[in-house]
Structure formats: C-alpha cells, structure tokens
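Notes for the one structure printed next.
What's counted below: heavy atoms across the whole structure, side chains too, no hydrogens, waters or symmetry copies. None of these values were measured; they are calculated from a predicted model. In what follows, every chain begins at residue 1, and chains take the letters A, B, ... in the order their sequences are listed.
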Amino acid sequence: MGRSNQGYQVGMSTFALIDGNNFYVSCERVFNPKLEGRPVVVLSNNDGCAVARSQEAKVLGVKMGAPWFQMQALARKHGIIALSSNYTLYADMSNRMMAILGKYSPSQETYSIDECFLGLDGFNTDLTAYGQTIRRQVKCWTGLPVCIGIGPTKTLAKLANHIAKKQPEWTGVCDLGKLPEHALNDLLGRIEVGEVWGVGRRIREKLARLGINTVLDLKQADVAFIGSYFSIVTQRTVMELQGVSLLQLEEVTPARQQIMCSRSFGLPVTQLADLQQAIISYMTRAAEKLRRQSSLCRAVHVFIHTSPFRQKDAQYSQGLTVTLPKATCNTLKLAQAGLWGLKRIYRSGYRYAKAGVILMDLVPAKIRQASLFIDHVADKNTGQLMQTMDSINQRMGKDAVFLAGAGMEKRWQMKQGNKTPCYTTEWNELAVARC
Amino acid sequence: MSKSNWGGQRAGAGRKRAEPTVTVRIPASSKEAILKLVRHMKASSSVRFPLSLEPLLLTQQPALQFIPRMSYSVRAGFPSPADDYVEKQIDLNEELIQHREATFFLRVRGHSMIGAGIDDGDELIVDRAIMPEHNRIVVAAVDNELTVKRFYQRNGVVKLLAENPQYPDIEFKSEQEMVIWGVVTKVIKSV
C-alpha cells in the first residue's frame, strides 16, 4: 500500500497508535538504572534544547524545547540530569520496538521514531486486553514503556493515546471505540482542542475565536462551517473525530524528497577552511543517505549563518542552490558543488554558528538523464568507488574512510558533552554488568 | 592565363572517411532502438565503424543483445567436486540468538561469578524475552547498577547468588526491590 492509497475510503476501521513514553529518556534508562526515578532531560544536537524529558523533569516544569542554558539554576536545585542525544541508540531501540509491534498486525505504519499505527480491522478480540499484551511484551523485551490508543480512525487513535498517557486510570491502554457515545463525548468535552492531531497553535487560536475550545466542540462542529474557515485538512479532522475513517495506513515510507544534513558548531567558526571541512562532512553524510534510498540528486543547497542568540555579533545568513550538470549520488561531485557554493556565500569577519547542506530535486537512480558532456566510463568508476566506501564504512565503522577534505581534527564539531555510549551498536561501548 | 591553384577541392583535404556516408531519416520512435543497434555494432570488434558516425551514448546499459549471454561461465579444467555441497555459512546471530529484538550484549566487570565461568572482560548474551527461573544466571538492576548473579527463588525467598566464596549473596525482603533485566544465555570469552 503506497501513498496513493491515502484516499477517501469510508469504512469501518480500527486503528491503534503505539507511542513510547518519553522515548529518548526511556532508551537511556534501559542501560543506566541510575536514571530511574530521577529528573532526566535529553538535549538536542549540540546540547541546545530539551528534546525529551522524564516525567520527573516535566513535573519540575522543564518545557519541551527549552534551551538548556536557561535551565541551569533549576537543574542545579533539583539535580536534573542532562544527556546529549544519542540517536544511534534511539534508532536501534526504535527498530527493536517496531519489529515487535509489527508482529501484532498485518498492517503497520511507522509514523516516527517512537510511534506507529497498527491496523486492527476485524480483530475479533478484546482490544484493551490485546493492547495490554502488546505493552507487556514491548516492556519485557526492550525495557521501553509504551502507551496505546485505539479508535475507529487514526485521529481518534492518536487522541486515545494522549488520553492513555495523561490519565493513569487507563493503565496505558485507551480504546475509544469501546465507549458508548455519551461517555466518549463526556471525555472529549474535557480535552483541549489543541491536543487533536493536526490542530496546531494557529488553527487552535482561530478555533477559539469561533468558540471551539474542546475536542467535543470540534467534533460537533458542522463540517461545511469548518470548511468555510479552514482547509480541507481540518475538515477531514472533524470527520475523523466523528468516527469517519478517511486516513488510511501508509505502510511504505515514501522516499524522501529532500535530504538535509546540518549541525550547529561547538564553537563559533570564522575561517573558510573550517566551514569547508564541515560542508564536506555533512555532504558525505547526506550522500550516504541519498545512496541508501537509491536516489540521485540534481541540486544542492548550501547555507551558513551566524547565531541569532549572540545578539552582539554581526549577523549574516546566506544560502545558495547549485544545480548539478547531471543527477548524481557521488560524494566527490556533491562535495565539489557544495564547496563551490560555499565559496560564493562565505564572507569573512563573521562568527558562524551553523552550516548545512540540503540535497534537492531527488530522482530514483534508475531514471537518469544522459548528458552530452559527461564521461560515462569515469562515472561508472566513481560509482564503484562510492559503493566501496559505503561498504567499508558499514563494516569498519562510520568514517573508516572519508574524504581528506573533511579534516582530521574537526575544531568545529558539535558539543556532545554528555553523550552515553552506543550500547547496542558498538562492540567497544557495550553496557557493563558488574559482578 | 593558366589555371589558378586557389580554390576548389584539394585532394586529401577534409575529414577522412573509410567510405561515403549518407543521412537517413528514421521515425522518432525507432531512434532509441537504432542507436542501440549502432552502438552494439560499434562495440563488437568485428565491425569497424567510421569515426564520423560516432553515435552519442544516450543510455548506460545496452538492452539489445544479439548473442544470448550465458548465465554461467565456462572454465577450462575439472569442475569442483564440492560444487553440489556448497551451503550457506554459519551465522552466529542465528545460532546464538533466539529472540533478536530482545537480545543485548553486555560486558562483564568483576570477579564474583568466576565459579560459573564468567570472568572479568567477558561478553554476555542476554535475552530479555526469557522468563527468569530459579537457578538461571541473570542480569538484575541492583542499587542502580546492572549486576550478573545466579537467580535463587525458593519458598518465597529471593536471592542473587555469587559464584565466588569471596563475594556475598544478595538477599531480598520482597521481589519488589529487585528488577530482573534479562537472562544470560551465552558467555563469550577470549582465550
């Protein structure tokens, strides 16, 4: 089933949404029992902002996305533990969780690193009990706690998940499909409309002006009325809340249309040479992703900017898109294009905080336009070179071979002051068992 | 006046051709196939192609083939008598891991389990899907640390036993205090 199936098929359906609780923190806790019961936050790349919080940290008032430097006082007072993000670990734990969940249904849509939908159409069983079985197995096998929401539409399943998380009396599984209409409405009447999937801040504010404040208000709104104020997407949300299943499972993740790789620097960077190293590194990573999804790209975008947070610094922000003569996935060519672009946007005298590359205009590797001016034999050789590089790096570890231009000593590399080991993917970093 | 040497054709001038050439019109839809044919002829060494007709390479892979390509290669000499017996290689993941999603590797630090053949620096294969039973070697979370011990559970008494007389056993008042992390299924050691 592909994206094209996301049609307006109306029918009786049942969906479950399974979501890891405080997923990144939970992954860390599996291998480090010291973190149990203590306030823990995981910080974004470069230790910037909180991207995950343990329940204890939430209670202390740590907000999602809060900059770490603003939390210092609170952290000292309550002993909040801050960890750098360890995406290698989270991805491996996510893969394990998704593989286990996939056994519970013939149809699964992995929606994000810590959530997936399962199709439960025609399951002739007590779905709450089924959900509890799923929860128990995921917890036992991986150590990760999850909550499960079940409903006749994806939107309701997502809302049910929110309820399962916030209201402990559901013990982690909430099946809205089981509730009689009045009980369901009673429940929805007590939930703020912003919790509905797809209702962001702007839509929420507009709804409030129309007197729609709770989920129940939105559910009972007239679809045509909503349509006159909002897009078809919001209209669809209302129908989904009413139990009309319009969104289907998307089981095949569509190939990405853009690949971005960017990082904030650990220290401000002023020299072109350092920026060049960074661009080559990011381009290398992006090109690997590109080849993994068997795509070629026809344009690359390079950008650099100073830090808007350092207001005393002179500010500069610039990007440039470089069109390639022919679609390619060759790291060398992409890096060349990136450096060409960088040279044109670089201005000396600024303290740069971030750089990045975006691979754009992606096409499947199969359809590829021939060009009059390209040497095809040389092209084939570099293709083999890329394959060889990828397989060496896969076997011997990230960056076993790399372009020398990426630099040996990366002064600009990001801060990851408190990153935990890759417990599950690196033989030299296994978790330790004392005895 | 004698005839001028200027102008007109000069013998030997211009592009060298093996033979005269002609321009041909073809249906647009056949262009791809004909160019492939041309390329094929050019690629096979028997047919020499006049330089002036060098076709542009439009695609990478020739699709048109006149000679069926063998799916196997023919070598001189004896075929290997072992050919029929080739099997896949041993895969340790398959042999040593029962539940892939639930299996983790841990490294041992300490000496309290030497009696069970678990030494400092060994790696453990730990399967979280297996129910911890009396007498199995387990990893447990004790005092905020992961610990390897033998699991004792008899008549309501729960203990974690060391396999080294120099180390004490750990006893529990109730099972609540102890969380079993996983069951050890294999030990990997260097010798």
Side-chain angles (χ1 to χ4, degrees), chain A residues 27 29-38 81 89 92-104 136-144 296 326-327 365-380 383 421-435, chain B residues 35 56-61 99-116 118-132 137-150 160-164 167 170 178-184 187-188:
Chain A
C27 289
R29 279 180 168 167
V30 170
F31 300 94
N32 189 354
K34 278 193 191 70
L35 302 175
E36 211 61 59
R38 306 196 44 191
I81 300 168
L89 174 67
D92 180 66
M93 294 302 280
S94 167
N95 289 340
R96 291 167 185 260
M97 178 172 104
M98 295 305 171
I100 294 166
L101 294 174
K103 292 175 193 158
Y104 281 92
R136 264 197 309 276
Q137 197 195 341
V138 174
K139 174 77 184 160
C140 173
W141 284 38
T142 64
L144 300 170
L296 304 171
K326 201 186 70 170
K366 277 158 283 169
I367 8 174
R368 137 148 117 167
Q369 191 105 48
S371 166
L372 285 173
F373 308 105
I374 305 284
D375 179 347
H376 290 270
V377 179
D379 219 42
K380 199 171 158 194
C422 295
Y423 300 109
T424 57
T425 51
E426 291 291 333
W427 190 249
N428 294 323
E429 301 183 15
L430 297 180
V432 165
R434 307 265 163 201
C435 73
Chain B
L35 283 171
L56 293 170
L57 287 173
L58 286 186
T59 55
Q60 292 278 71
Q61 306 241 301
H99 308 102
R100 211 160 53 88
E101 298 85 10
T103 299
F104 297 88
F105 294 92
L106 268 66
R107 186 160 288 119
V108 175
R109 286 279 167 262
H111 305 275
S112 74
M113 292 300 285
I114 50 174
I118 297 175
D119 294 307
D120 190 50
D122 288 351
E123 284 90 21
L124 304 175
I125 302 181
V126 182
D127 190 336
R128 294 180 55 111
I130 298 175
M131 274 294 289
I137 292 178
V138 299
V139 172
V142 180
D143 292 338
N144 287 334
E145 268 187 350
L146 297 181
T147 305
V148 196
K149 289 284 186 291
R150 194 178 289 282
L160 290 176
L161 307 180
E163 295 270 333
N164 179 343
Y167 289 79
I170 307 169
M178 178 191 50
V179 179
I180 300 287
W181 196 89
V183 172
V184 178
V187 183
I188 303 171

| request: Please report the shortest heavy-atom distance between Trp141(A) and His99(B), naming the atom on each side. | output: CH2-CD2, 3.6 Å
| query | Taking atom CZ of Phe31(A) and atom CG of Leu106(B), what is their separation to the nearest 0.5 Å? | reply | 7.5 Å
| task | Could you tell me which non-hydrogen atom of Leu430(A) sits nearest to which non-hydrogen atom of Arg107(B), and how far apart they are? | result | CD1-NH2, 3.6 Å
| said: Please check this pair: side chain of Trp181(B) against backbone of Val30(A), looking for a donor-acceptor N/O pair closer than 3.5 Å. | reply: yes
| message | Counting heavy-atom pairs under 4.5 Å with chain A, which one of Glu163(B), Lys149(B), Glu123(B) comes out on top? | response | Glu123(B)
| remark: Shortest non-hydrogen pair, Cys435(A) vs Ser112(B), comes out as C-OG, 2.6 Å
| task | Working to the nearest 0.5 Å, report the span between CE of Met131(B) and SG of Cys140(A). | result | 8.0 Å
| said: Is Met97(A) in contact with chain B via its backbone, its side chain, both, or neither, using a 4.5 Å heavy-atom distance? | reply: neither
| query | Okay, side chain of Arg100(B), backbone of Arg96(A): is any donor-acceptor separation there less than 3.5 Å? | reply | no
| field | Residue part contacting chain B, namely of Thr142(A), when any heavy atom lies under 4.5 Å | value | both
| field | Arg109(B) side-chain N/O to Arg434(A) backbone N/O, donor-acceptor pair under 3.5 Å | value | no
| request: Could you look at Ile170(B) and say if it's the side chain, the backbone, both or neither that has a heavy atom under 4.5 Å from chain A? | output: neither
| task | List the steps and the verdict of side-chain contact (heavy atoms from CB on, under 4.5 Å) for Phe105(B) and Trp427(A). | result | CA-CA 8 Å; Phe105(B) 294 92; Trp427(A) 190 249; 3.7 Å; yes
| query | Shortest non-hydrogen contact from Lys139(A) to Arg128(B)? | reply | O-NH2, 3.3 Å
| field | Greater than 12 external heavy atoms within 6.0 Å of Arg38(A)'s CZ | value | no
